[in-house]
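Beneath this line is the structure, given in structure tokens, with notes to follow.
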Amino acid sequence: MRSLLFCCLCRSLHLPGRPLQSPAHQITDVQFMTIRALLTELAQNAMLAAGIPAECEPHVAPSKNPAFGDYQINGAMGAAKKVGSNPRELAQKIVAELKLDGIAQKVEIAGPGFINISLDSAWLAKLLLDQPPYASLAQGLEPQTIVVDYSGPNLAKEMHVGHLRSTIIGDAVVRVLESQGHNVIRQNHVGDWGTQFGMLIAELEAQLQQDERAELALQDLEHFYQKAKKHFDEDQAFADLARQYVVRLQAGDAEVLKLWHKFREVSLAHCEEIYELLNVSLTPEHVRGESFYNPDLPVLVEELKNQGLAQEDQGAQVVFLQELADKNGNPSPVIVQKKDGGYLYSTSDLAAIRFRVGTLGAARIMVFSDARQALHMQQVYTIARKAGFASEQVKLEHCPFGTMMGSDGKPFKTRTGGTVKLAELLHEAVERASKVIQDTELTAEEKAEVARKVGIGAVKYADLSKTRTLDYVFNWDQMLSFEGNTGPYLQYAYTRIRSIFRKAGINPAELEAQLQLVEPQEKALALKLLQYGETVDQVAQEAMPHLLCTYLYDLASLFMTFYEACPILKDGVDVEIRNSRLILSDSVAQTLRAGLELLGIEVMEKM
RNA sequence: GCGCCCGUAGCUCAGCCGGAUAGAGCAACGGCCUUCUAAGCCGUGGGUCGGGGGUUCGAGUCCCUCCGGGCGCGCCA
């Protein structure tokens with residue numbers, strides 16, 4: 001719980017059952033909370049005072065329809081059923097106990113027992129001035145150590161669209177969590193180990209012997225991989241060498257390791273480039289690849305065996321999970337060691353959990369990976385609990401995402417059916433954005449920067465704005481449109497506000513802090529601004545960035561409506577009104593910028 | 001066969017522990033620029049929320065069932 005408002009009423013939380021005495025106008029700065037949290041608490045107190053059992057929740061929610069006020073308490077109906085009384089009468093009793101002086105302008109009972117609250121404009125104005133919503137997210141939260149595993153490309157190949165969702169969704173959630181003051185540890189679980197590296201290293205050595213430089217040979221990783229594969233398939237001697245290299249690699253052979261390091265270095269450099277272009281906060285220090293866990297794997301399997309969790313089956317070491325059995329009682333099998341002695345991703349994922357809990361001190365672990373890995377993650381988490389790698393206190397979360405689809409409804413591919421390279425996709429985005437930008441006053445340099453921010457922002461926003469767990473359809477025209485719920489629309493809304501200040505020659509920081517919410521559009525905008533923290537909280541809890549996108553789009557839309565209805569710099573606007581509307585506009589700009597930053601999307605002054 | 005996910009306007013999507021006449025955008029149609037960025041705003045039309053049962057004051061939301069689609073299920077990751 002967190003945020004904007006404060007109130008001494010919170011003390012009553014420690015005195016359950018005791019009626020609330022403090023008049024609301026005495027609200028002072030003791031503890032931050034959102035409007036929703038404040039109203040929930042006040043409603044809960046009123047319900048207790050009305051004799052309703054404590055387990056009945058108030059169910060406070062923002063009203064969907066302006067006719068029903070700003071917030072509504074929906075708990076009266078449920079409570080009435082529980083205590084066996086008339087819901088409308090019970091609502092009356094609750095309202096009689098509600099201490100909303102100075103907060104609400106109107107409280108009404110409607111329908112079967114809804115309690116509709118219209119907030120007081122002066123109160124909203126004061127809140128907005130006292131606690132700018134975009135500036136106080138970290139207030140009052142218990143900081144946690146949270147390990148976030150995202151991106152995790154396979155270093156054998158070039159990054160492709162399959163890595164896009166994990167990378168940008170994970171990065172947005174990471175930024176949201178950090179904004180709340182949590183100790184976030186990024187883990188880029190790259191695929192830098194496994195049999196395919198034998199082949200790649202053999203190929204690299206072959207090319208180095210032909211006086212090729214590693215950087216040059218690996219310039220096009222995709223091409224290099226295909227070449228190695230072809231070589232492997234067609235040349236028996238090469239294939240044998242490759243297999244030999246796998247063994248030497250696993251045995252820690254210095255020469256082979258050196259080549260492996262070289263390969264890894266070049267491949268990682270390629271990832272860094274993509275991250276930078278994408279404005280993703282991952283850096284080399286966050287890389288913790290599969291190879292890191294290699295030494296721990298035999299130890300871990302031995303431990304699973306000793307605990308009686310793993311047993312030999314058809315030559316492999318297998319953990320049978322009764323917890324995940326089908327309805328016929330067949331346990332779910334998880335292989336942790338192959339019959340040839342090799343390990344699998346289950347094994348290194350388990351080692352990763354143990355490391356994250358034991359060494360990194362994670363209280364919460366979030367893994368952003370494809371929805372198709374759901375069963376695997378469930379198996380790994382179940383084993384981790386049983387083996388004691390993670391206690392019940394540690395939250396283990398798989399944050400799955402759906403597949404990126406083309407307009408034909410099938411997985412996104414090139415026209416010829418190949419894998420779409422991420423670098424090419426992103427460059428195309430910038431290229432397309434540069435064609436969409438109309439502003440002729442920008443210099444070539446400015447225009448290039450705007451194109452980059454708009455193009456990359458559009459790709460990210462399109463992805464982030466859809467429900468994470470669903471498949472989503474990739475569509476250039478839609479994401480680069482300035483109409484509707486898109487990145488460019490939000491960036492435009494921001495620049496539009498900045499242009500007001502440019503035109504007026506005013507620095508928002510020097511504005512006199514005074515705000516009056518007279519027109520309905522002004523009040524609606526202020527209320528929306530104050531709900532920023534509620535949204536960010538929810539994104540942090542559920543790892544669902546699309547909620548923030550929806551919020552920012554609503555905010556921008558409300559601003560546009562306000563802007564049409566309420567003149568600011570035009571002739572005949574009273575100075576105080578003008579100042580007030582400038583404050584409101586600036587608050588919107590700051591919130592848009594802060595929100596977009598949490599999504600990893602940049603804004604610009606002009607476009 | 002077993003399991004997970006999905007089905008909401010022509011299209012792309014929202015819908016917050018069940019809450020009031022199911023919301024946006026695009027597309028269609030009609031308005032609004034001599035004044036703050038019209039890349040905008042205002043309005044109209046458009047729905048058996050896949051079908052059918054059930055739970056209850058109330059179901060797009062929860063349960064069951066059927067239909068349709070996607071994905072996964074011991075030695076790839």
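Bear in mind the structure is a predicted one, so any value in this text is a computation, not a measurement. Note on naming: letters A, B, ... go to the chains in the order of the sequence lines (proteins, then strands), and numbering restarts at 1 for each one.
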Side chains of residues 549-560 of chain A: which donor-acceptor partners sit under 3.5 Å, not counting sequence neighbours?
{"residue": "Thr550(A)", "atom": "OG1", "partner": "His546(A)", "partner atom": "O", "Å": "3.0"}
{"residue": "Tyr551(A)", "atom": "OH", "partner": "Lys528(A)", "partner atom": "O", "Å": "2.6"}
{"residue": "Ser557(A)", "atom": "OG", "partner": "Tyr553(A)", "partner atom": "O", "Å": "2.9"}

| Plane angle bin for His376(A) and Tyr345(A) - parallel if under 30°, tilted between 30 and 60°, otherwise perpendicular | parallel
| said: Just to be sure I follow the notation: if a pair is Watson-Crick (purine N1 to pyrimidine N3 plus N6-O4 or O6-N4) or a G-U wobble (N1-O2 and O6-N3), each under 3.5 Å, what dot-bracket string does RNA chain B give, with | for pairs to another strand? | reply: (((((((..((((.....[...)))).(((((.......))))).....(((((..]....))))))))))))....
| query | Among C36(B), C16(B), A77(B), which nucleotide sits nearest the side chain of Lys503(A)? | reply | C36(B)
| query | Hey, is C29(B) sitting syn or anti, using the within-90° cutoff around 0? | reply | anti
| field | Sugar-phosphate, base or nothing in reach of Glu542(A), heavy atoms under 4.0 Å | value | nothing
| From C17(B), G25(B), A39(B), pick the nucleotide closest to the side chain of Tyr553(A)? | G25(B)
| said: So Ala565(A), base contact, sugar-phosphate only, or nothing? Heavy-atom distance under 4.0 Å. | reply: nothing
| request: Using the aromatic ring of Tyr563(A) (for Trp, its six-membered ring), decide whether it stacks on the base of C41(B) within the limits of 5.5 Å and 30°. | output: no
| request: Could you tell me whether Met560(A) contacts a base, only the sugar-phosphate backbone, or nothing, with contacts defined as non-hydrogen atoms closer than 4.0 Å? | output: sugar-phosphate
| field | Within the 6.0 Å centroid threshold, strictly below: Tyr489(A) and Phe482(A) | value | no
| task | Can you figure out which of U37(B), G3(B), A77(B) approaches the side chain of Lys327(A) most closely? | result | G3(B)
| query | The side chain of Leu569(A) lies closest to which of these nucleotides: C42(B), C36(B), U21(B)? | reply | C36(B)
| said: Using the six-membered base ring of G40(B), report whether Tyr492(A) stacks on it, requiring centroids under 5.5 Å and planes under 30° apart. | reply: no
| task | Report the distance from atom NE2 of His59(A) to atom P of C57(B), rounded to the nearest whole Å. | result | 15 Å
| request: Treat primed atoms plus P, OP1 and OP2 as sugar-phosphate and everything else as base, then score nucleotides 5-15 of chain B 5' to 3': B for base contact with protein heavy atoms under 4.0 Å, S for sugar-phosphate contact only, - for none. | output: -S-----SSSS
| field | Proximal nucleotide (of C41(B), C75(B), U37(B)) relative to the Glu564(A) side chain | value | C41(B)
| task | Using a strict cut-off of less than 4.0 Å between a Lys/Arg side-chain nitrogen and an Asp/Glu carboxylate oxygen, indicate whether Glu449(A) and Lys453(A) qualify as a salt bridge. | result | yes
| said: Under 4.0 Å, counting only non-hydrogen atoms across every strand here, what does Gly342(A) touch: a base, just sugar-phosphate, or nothing? | reply: nothing
| request: Just compare C76(B), C36(B), G72(B) and give me whichever is closest to any side-chain atom of Leu344(A). | output: C76(B)
| Checking all strands, does Phe68(A) fall into the base, sugar-phosphate, or nothing category for heavy-atom contacts under 4.0 angstrom? | base
| query | Touch check for Asn330(A), heavy atoms < 4.0 angstrom, all strands: base, sugar-phosphate only, or nothing? | reply | nothing
| query | Considering only C36(B), C16(B), G72(B), which nucleotide approaches the side chain of Arg372(A) most closely? | reply | G72(B)
